[in-house]
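Values below: all heavy atoms of this structure, side chains included; hydrogens, waters and symmetry mates excluded. We count residues from 1, following the sequence as given.
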Amino acid sequence: MYFRRKCQQGFVSMAKKLDAERIERERQKKQRVSQREESRRKMQEAFDSNRRGERKVRYIPPVKQEETSDSAAPLRAAAYVRVSTQEEQQVGSFEMQKKHFLEVIENNPRYQLAGMYCDEGISGTQVHNRKEFQKMMEDAQAGKIDIILTKDITRLGRNTVDILTSLQTLDTLNPPVPVILETNGIDTSDGRHKLLISILSALAELESQQKSEAIKAGIRWRMQEGIYKFSVVNTLGYFRDYTGAVKIEPAAAEIVQYIYDSFLEGSSPQDIADALMEQGFESPKHMERWRGGTIKCILSNEKYCGDVLYQKTYTKDFLTHKSVKNRDTLGQYYWEDCHPAIIERANWQQAQILLREKKWNKQSLHPKDMPKRFVAAKVKSGTLRGYYLLDASWNKEEREQFINIITSINELEGS
């Protein structure tokens with residue numbers, strides 16, 4: 001009656017709202033405590049029952065197996081050798097490691113040579129670059145190796161994750177393949193060494209990082225002094241001679257000059273690339289296809305006017321060795337007149353203005369073909385010594401012109 005009257009009057013009286021979150025939390029806590037106490041009670045009952053002799057247990061020791069002909073078979077032992085550089089002193093270390101482990105395996109009656117896996121001049125920071133290491137791991141997984149010998153943990157790598165992953169892979173094989181780290185005095189089959197292996201792996205990576213920083217500091221110092229030997233690999237028109245000096249390669253320099261002349265005359269980078277392909281010239285990387293981007297790189301390269309800009313790129317991560325563009329991250333050093341120029345400075349600067357303002361002919365403007373030069377091989381020995389091998393693509397007029405040139409040369413030498 002009271003509830004009905006209150007509803008008729010327009011309001012309802014209800015109990016105070018419960019704190020559901022707090023109540024449920026307390027209930028679950030009590031439940032966990034009860035379960036824990038019940039487990040302790042049952043465990044204590046088991047202990048008391050054992051002491052009263054109500055429960056019986058019989059220990060079964062392992063049966064020691066006698067050595068059979070199979071268990072006495074020699075272990076197929078493999079050795080892994082690695083050096084990170086191809087410098088002369090490292091070459092000696094590389095050969096000494098190979099000789100040492102070959103003798104160790106041959107002089108141990110328990111061992112049978114399963115293979116010598118050698119990576120020379122390859123950094124240990126990345127596994128995928130070490131082909132011989134990968135082959136060794138594949139052979140171990142295929143059951144061809146029983147044990148691996150190596151100098152120390154740094155030979156396995158300079159990356160903690162890679163080292164531990166590789167050792168874990170070998171340890172999970174059936175049967176496991178242990179690694180003997182000779183200098184460290186560690187057998188990875190001994191579980192007591194796991195912590196030490198992790199520490200040594202971390203130290204190997206730290207040492208590699210410190211060495212990388214020292215090398216980069218040395219490179220930057222040489223850049224600052226203008227004595228760093230920049231690479232001219234795939235730089236069309238240049239090469240380094242046996243002394244390390246940068247020299248002009250005349251034939252390739254003609255292509256560079258042609259590119260700049262055509263661009264300054266109004267041809268677009270893509271038009272120049274198409275013209276070079278039509279004429280049968282190879283790209284700086286010896287590919288048949290030329291791209292407009294390649295032409296732009298040549299046109300913007302300061303080396304062609306004799307200058308050099310250091311630290312255009314830098315290595316961001318010492319583990320991956322990945323090189324990235326230096327976008328105002330590190331300082332740069334611009335040195336002028338470091339080597340012979342292929343392009344006059346005024347022409348190179350004009351090309352930079354056109355590139356920056358994108359001032360070239362929007363319509364296709366095919367550059368003039370490069371003037372053909374007669375290049376013919378002269379036979380130096382054998383029955384045909386002194387003869388020339390003519391280019392089969394020459395037409396009749398070109399062959400006659402070449403013969404006239406050779407005749408004139410011979411007449412001059414005879415006089």
Side-chain angles (χ1 to χ4, degrees), residues 65 67-86 90-194 196-205 208 319-321:
Q65 297 181 352
E67 287 191 353
T68 62
S69 58
D70 291 335
S71 62
L75 297 173
R76 294 167 297 176
Y80 179 66
V81 176
R82 181 186 68 83
V83 292
S84 58
T85 67
Q86 293 182 332
Q90 290 284 28
V91 171
S93 172
F94 186 71
E95 296 301 326
M96 286 296 294
Q97 287 184 55
K98 290 198 294 184
K99 182 176 181 296
H100 168 72
F101 285 115
L102 190 61
E103 291 176 352
V104 168
I105 295 173
E106 289 178 346
N107 294 333
N108 192 327
R110 295 181 57 247
Y111 290 160
Q112 177 186 345
L113 182 63
M116 186 75 66
Y117 301 86
C118 309
D119 284 316
E120 184 177 12
I122 300 177
S123 171
T125 54
Q126 289 183 299
V127 168
H128 67 82
N129 289 332
R130 293 183 280 151
K131 304 303 180 184
E132 285 290 294
F133 183 84
Q134 294 181 51
K135 185 175 184 299
M136 181 183 70
M137 293 295 293
E138 291 171 0
D139 289 347
Q141 291 171 303
K144 299 178 181 179
I145 299 173
D146 297 321
I147 190 169
I148 296 172
L149 311 178
T150 193
K151 181 181 177 183
D152 55 45
I153 202 164
T154 63
R155 300 308 93 197
L156 296 180
R158 294 280 187 175
N159 185 318
T160 304
V161 174
D162 288 344
I163 294 173
L164 297 181
T165 301
S166 300
L167 292 178
Q168 179 66 21
T169 300
L170 295 172
D171 189 52
T172 55
L173 297 177
N174 187 19
V177 177
V179 179
I180 305 298
L181 307 174
E182 189 178 73
T183 304
N184 304 124
I186 292 177
D187 181 346
T188 60
S189 63
D190 189 342
R192 295 172 297 178
H193 291 153
K194 286 189 175 181
L196 180 58
I197 290 171
S198 299
I199 294 172
L200 291 174
S201 301
L203 290 175
E205 181 176 321
S208 179
L319 288 176
T320 62
H321 301 287

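Although no hydrogens or angles enter the test, the distance criterion places a donor-acceptor pair under 3.5 Å between the side chain of Arg76 and the main chain of Gly143. Between the side chain of Thr183 and the main chain of Asp152, no donor-acceptor pair closer than 3.5 Å is present. The closest donor-acceptor contact from the side chain of Asn107 to the backbone of Glu103 lies under 3.5 Å. Checked by atom type and distance alone, the side chain of Arg130 pairs as donor or acceptor with a backbone atom of Leu156 at under 3.5 Å. Looking only at distances, no side-chain donor or acceptor of Asp162 sits under 3.5 Å from a matching main-chain atom of Gly157.
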- Message: Let's go through Ile186 and Leu200 carefully: what are the C-alpha distance in whole Å and the side-chain angles of both, what is the deciding distance for side chain to side chain contact (heavy atoms under 4.5 Å, CB included) to 0.1 Å, and is it a yes or a no?
- Response: CA-CA 11 Å; Ile186 292 177; Leu200 291 174; 3.6 Å; yes

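Atom CG of Asn184 and atom NE2 of His193 lie 10.0 Å apart (nearest 0.5 Å). Expressed to the nearest 0.5 Å, how far CG of Leu102 lies from CG of Leu149 amounts to 11.0 Å. Here the CG-CG distance, from Asp190 to Leu196, works out to 10.5 Å after rounding to the nearest 0.5 Å. Considering NZ of Lys135 and OH of Tyr117, their distance stands at 4.5 Å, rounded to 0.5 Å. Rounded to the nearest 0.5 Å, atoms OG1 (Thr154) and CD1 (Ile163) are 8.0 Å apart. One finds the CD1 atom of Ile148 at 10.5 Å from the CG atom of Leu181 (value rounded to the nearest 0.5 Å).
Taking every heavy atom of both residues into account, Leu173 and Ala140 meet most closely at CD1-O, 3.6 Å. Across Asp187 and Pro178, no two heavy atoms sit closer than the pair OD1-CB, 3.6 Å. Of all heavy-atom pairs between Arg82 and Arg155, the closest is O-NH1, 2.6 Å. For the pair Ala202 and Thr160, the tightest heavy-atom approach, listed with the atom from each and the gap, is CA-OG1, 3.4 Å. The two residues Thr165 and Val161 make their nearest non-hydrogen contact at OG1-O, 2.6 Å. Summarising the geometry of Glu182 relative to Val104, their closest heavy-atom pair is OE2-CG2, 4.4 Å, with the distance given to 0.1 Å.
Taking the side chain as every heavy atom from C-beta outward, Leu170 and Thr188 never approach each other to under 4.5 Å.
Tyr80 and Asp119 share a donor-acceptor pair across their side chains, judged by distance under 3.5 Å alone.
The pair Glu95-Lys98 counts as a salt bridge, with a side-chain nitrogen and a carboxylate oxygen less than 4.0 angstrom apart.
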